[in-house]
Amino acid sequence: MNILQIENLSKVYGKGETAVKALDNVSFSVKKGEFVVIIGPSGSGKSTLLHLLGGVDRPTSGKVFIDNTDLYNLNETQLAIFRRRQIGLIYQFYNLIPILTVEENITLPLLLDEHEVDKKQFNEIVEKLGLTHRLGHLPNQLSGGQQQRVSIGRALISNPAIMLADEPTGNLDSKNSEEIMELLKMFNKTFNQTLIVITHDERIALQADRVISIEDGRIAKDEVIRS
Ligand SMILES: Nc1ncnc2c1ncn2[C@@H]1O[C@H](COP(=O)(O)OP(=O)(O)OP(=O)(O)O)[C@@H](O)[C@H]1O
Ligand SMILES: [Mg+2]
């Protein structure tokens with residue numbers, strides 16, 4: 001089953017002489033439970049692609065379907081709700097809310113949705129992330145690796161259809177990078193959680209099921225590593 005399908009996706013930033021074609025007619029699909037890595041040189045359009053998959057920015061043309069929902073057919077309110085429930089985003093610099101505790105940061109997507117927190121699920125996630133004894137801490141009281149684990153918890157709490165990570169280990173040392181990747185892979189394998197990761201790190205690319213290379217806004221290569 002395809003959880004993600006993108007069709008002829010293009011993104012042009014700006015107008016006229018300064019226009020930049022960041023993404024040029026990209027199409028591919030991803031199966032439920034797949035772990036896909038996206039690699040490519042700086043400026044090739046990786047983050048642009050991830051933002052379009054995540055409903056963060058609208059494409060110039062083309063379509064994105066997540067779990068059969070046509071993302072850009074939704075109005076702004078519907079898109080915001082869909083994003084909160086179905087898309088888990090993880091960034092290089094964590095993007096946590098500084099005045100909220102670990103527990104509040106993780107459960108924020110549910111609270112915004114006026115959904116009850118499923119305590120059992122919450123406990124399972126924080127235990128797997130090794131955050132059980134940090135729930136009352138603020139982000140600035142945590143190490144970088146711990147902050148990234150909080151952002152993984154926040155991304156997972158609403159059982160999203162896909163998890164999207166833009167260089168999730170880009171700001172971490174090698175030991176923390178390895179731990180974060182092990183956690184993401186564990187959620188991918190144990191819960192069949194679809195995972196798309198942008199990285200510059202060859203070692204991470206080798207751990208994926210599939211590697212898509214982007215060059216100049218286009219797919220240069222799409223290789224299945226393991227199936
Ligand atoms: N908001 C924007 N306005 C104008 N141009 C942009 C904008 N965002 C990105 N671009 C341009 O689009 C192209 C693709 O950028 P993008 O951020 O997607 O690259 P990337 O592959 O993620 O690079 P990196 O590996 O450095 O993060 C670049 O030429 C960039 O300058
Ligand atoms: Mg980028």
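Inter-residue side-chain proximity for L138 and I99 is flagged as unmet; no heavy-atom pair is nearer than 4.5 Å. In this structure the side chain of R149 reaches within 4.5 angstrom of the side chain of E179, judged on heavy atoms. Between D24 and D216, every side-chain heavy-atom pair lies at or beyond the 4.5 Å cut-off. Under the 4.5 Å side-chain criterion, counting only non-hydrogen atoms from C-beta, D209 is not in contact with V36. I225 places none of its side-chain heavy atoms less than 4.5 Å from the side chain of V37. Side-chain contact between P59 and L23 is absent, with no heavy-atom pair separated by less than 4.5 Å. In this structure, the side chains of Y94 and L142 stay at 4.5 Å or more apart for every pair of heavy atoms. Residues I106 and V126 meet the side-chain proximity criterion, which asks for heavy atoms closer than 4.5 Å.
Between T101 and L135, the closest heavy-atom pair is CB-O, 3.5 Å. Heavy-atom minimum distance, D166 versus S47: OD2-OG, 2.6 Å. Listed here is the closest heavy atom pair of N105 and P139: ND2-CG, 3.8 Å. Residues L156 and Q193 come closest through the heavy atom pair CD2-OE1, 3.9 Å. Taking each heavy atom of N25 and S10 in turn, the nearest pair found is N-OG, 2.9 Å. Between I90 and P168, the shortest heavy-atom contact is CG2-CB, 4.0 Å.
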Can L49 and I6 be said to form a side-chain contact (heavy atoms from CB on, under 4.5 Å), step by step?
CA-CA 10 Å; L49 174 62; I6 73 173; 3.9 Å; yes
Kindly determine whether Y13 and T48 satisfy side-chain contact (heavy atoms from CB on, under 4.5 Å), including the steps that lead there.
CA-CA 10 Å; Y13 291 111; T48 300; 3.1 Å; yes
Starting from the C-alpha separation in whole Å, work towards a yes-or-no answer on side-chain contact (heavy atoms from CB on, under 4.5 Å) for L184 and F35.
CA-CA 9 Å; L184 289 173; F35 169 23; over 6 Å; no
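Scored by the side chain to side chain contact (heavy atoms under 4.5 Å, CB included) test, T190 finds M186 as partners (sequence neighbours excluded). Residues satisfying the side chain to side chain contact (heavy atoms under 4.5 Å, CB included) criterion with K31, sequence neighbours excluded, are N2, E34. Every residue two or more places apart in sequence or in another chain was checked for a salt bridge (charged side-chain N to carboxylate O under 4.0 Å, His left out) with D118, and none qualifies. Residues satisfying the side-chain hydrogen bond (donor to acceptor under 3.5 Å, both in side chains) criterion with N73, sequence neighbours excluded, are absent altogether. By the side-chain hydrogen bond (donor to acceptor under 3.5 Å, both in side chains) test, S44 is found to be paired with no residue, residues two or more places apart in sequence or in another chain being considered. Not counting sequence neighbours, the partners of L108 by the side chain to side chain contact (heavy atoms under 4.5 Å, CB included) test are I97, L100, L112. Residues that satisfy the ring-ring contact (aromatic ring centres under 6.0 Å, His included) test with F187, not counting sequence neighbours, are F191. Judged as a side chain to side chain contact (heavy atoms under 4.5 Å, CB included), and not counting sequence neighbours, the contacts of L74 are T69, Q78, L79, F82. Residues meeting the side-chain hydrogen bond (donor to acceptor under 3.5 Å, both in side chains) test with E182, sequence neighbours left out: K185.
A distance-only check finds a donor-acceptor pair linking the side chain of S27 to the backbone of N8 [under 3.5 Å]. Judged purely by atom type and a 3.5 angstrom limit, S158 uses its side chain to pair as donor or acceptor with the backbone of R84. Without hydrogens or angle criteria, R154 side chain to T107 main chain gives no donor-acceptor distance under 3.5 Å. Not one N or O on the side chain of Y91 forms a donor-acceptor pair closer than 3.5 Å with the backbone of S151. Between the D67 side chain and the L4 main chain, no donor and acceptor come within less than 3.5 Å of each other. Although no hydrogens or angles enter the test, the distance criterion places a donor-acceptor pair under 3.5 Å between the side chain of T60 and the main chain of V12.
Salt-bridge annotation for D173 and K175: absent, with no side-chain N of the basic residue lying under 4.0 Å from a carboxylate O of the acidic one.
Residues I125 and L195 fall within the same hydrophobic cluster, defined by Ile, Leu, Val, Met, Phe, Trp and Tyr side chains chained together at heavy-atom separations under 4.5 Å. In terms of hydrophobic clustering, with Ile, Leu, Val, Met, Phe, Trp and Tyr side chains grouped at heavy-atom distances under 4.5 Å, I87 and L50 are assigned to a common cluster. Follow the hydrophobic side-chain contacts under 4.5 Å out from I198 and you never reach I204; the two are in separate clusters. V30 and I162 fall within a single hydrophobic cluster, where Ile, Leu, Val, Met, Phe, Trp and Tyr are joined by side-chain heavy atoms under 4.5 Å apart, directly or via other members. Under a hydrophobic clustering in which Ile, Leu, Val, Met, Phe, Trp and Tyr are joined whenever their side-chain heavy atoms come within less than 4.5 Å, directly or via other members, L183 and L206 fall into different clusters.
One finds the CG atom of N68 at 6.0 Å from the CE atom of M1 (value rounded to the nearest 0.5 Å). To the nearest 0.5 Å, the span separating CD1 on I196 from CG on L53 amounts to 5.5 Å. Between the CD1 atom in I152 and the CD1 atom in I180 there is a gap of 4.0 Å [rounded to 0.5 Å]. Taking CZ of F28 as the start and CD1 of I212 as the end, the distance is 4.0 Å to the nearest 0.5 Å. Going from atom CZ of R83 over to atom CG of L89 covers 8.0 Å, rounded to the nearest 0.5 Å. Atom CD of E167 and atom OG1 of T199 lie 6.5 Å apart (nearest 0.5 Å).
For residues 90-107, the pairs satisfying salt bridge (charged side-chain N to carboxylate O under 4.0 Å, His left out) are E103-K119, with sequence neighbours left out. For residues 44-60, the salt bridge (charged side-chain N to carboxylate O under 4.0 Å, His left out) pairs, not counting sequence neighbours, are K11-D57, R58-E76. Sequence neighbours left out, the pairs with a member in residues 125-147 that pass salt bridge (charged side-chain N to carboxylate O under 4.0 Å, His left out) are E124-K128.
Heavy atoms of other residues, nucleotides or ligands lying less than 6.0 angstrom from NZ of K32 number more than 12. Around the CZ atom of R85, the shell of radius 6.0 Å holds more than 12 heavy atoms that belong to other residues, nucleotides or ligands.
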